[in-house]
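Only a predicted model underlies this, so the values are computations on that prediction, with no experimental measurement involved.
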Amino acid sequence: MAKPYLEITYRQGKPFAAYLYLERRPGDKSARTERHGSWLVDFTYDDRAIGIEFSRFDTVDLAELNRVLAAVQHPALTTADLVPLQAA
């Protein structure tokens, strides 16, 4: 997968959580999770970030998200990438 994408989970018809899938290789699995504020960043066994879980996504700040992405060596996102969060 080359481009990050968002998946939103609903519970009883209401948005519950969101997960940002980052670049991953076939067979990649989460080996550890690191907390960044209210977000959880999943890493592979060789320390590559493969996803970010947002339990509170109504207040996701793009600048803060891009700081976290830069820290884990991923390209920045744009407002267009976060449109699904606003729609939920």
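Residues His36 and Leu65 are not in side-chain contact: their nearest non-hydrogen atoms beyond the backbone lie 4.5 Å or more apart. No side-chain heavy atom of Leu40 sits less than 4.5 Å from a side-chain heavy atom of Ile52. Within the 4.5 Å cutoff, no side-chain heavy atoms of Leu20 are placed close to those of Trp39. Annotation: side chain of Thr33 is not in contact with side chain of Val41 (no heavy-atom distance under 4.5 Å). Taking the side chain as every heavy atom from C-beta outward, Leu77 and Pro4 approach each other to under 4.5 Å. In this structure, Tyr21 and Glu7 have side chains that are in contact, with non-hydrogen atoms separated by less than 4.5 Å. Side chains of Asp47 and Val72 form no contact here, defined as non-hydrogen atoms less than 4.5 Å apart.
Residues Gly51 and Leu22 share a closest heavy-atom pair of N-CD1, 3.8 Å. The two residues Thr78 and Leu62 make their nearest non-hydrogen contact at C-CD2, 3.9 Å. In plain terms, the two heavy atoms of Ser38 and Ser55 that are nearest each other are O-OG, 3.6 Å.
Using modelled atom types, one side-chain atom of Asp28 and one backbone atom of Arg25 make a donor-acceptor pair closer than 3.5 Å. In terms of modelled atom types and a separation under 3.5 Å, the side chain of His74 and the main chain of Ala49 share a donor-acceptor contact. Under a 3.5 Å cut-off, the side chain of Arg24 and the backbone N or O of Ile50 do form a donor-acceptor pair.
Between Asp42 and Arg32 there is no salt bridge, since no side-chain N of the basic residue sits under 4.0 Å from a carboxylate O of the acidic one.
In this structure, the separation between CD on Gln73 and CD on Glu23 is 11.5 Å, given to the nearest 0.5 Å. Note that the CZ atom of Phe16 and the CD1 atom of Ile8 stand 13.5 Å from one another [nearest 0.5 Å]. From Tyr19, atom OH reaches atom OH of Tyr5 across 9.5 Å, with rounding to the nearest 0.5 Å.
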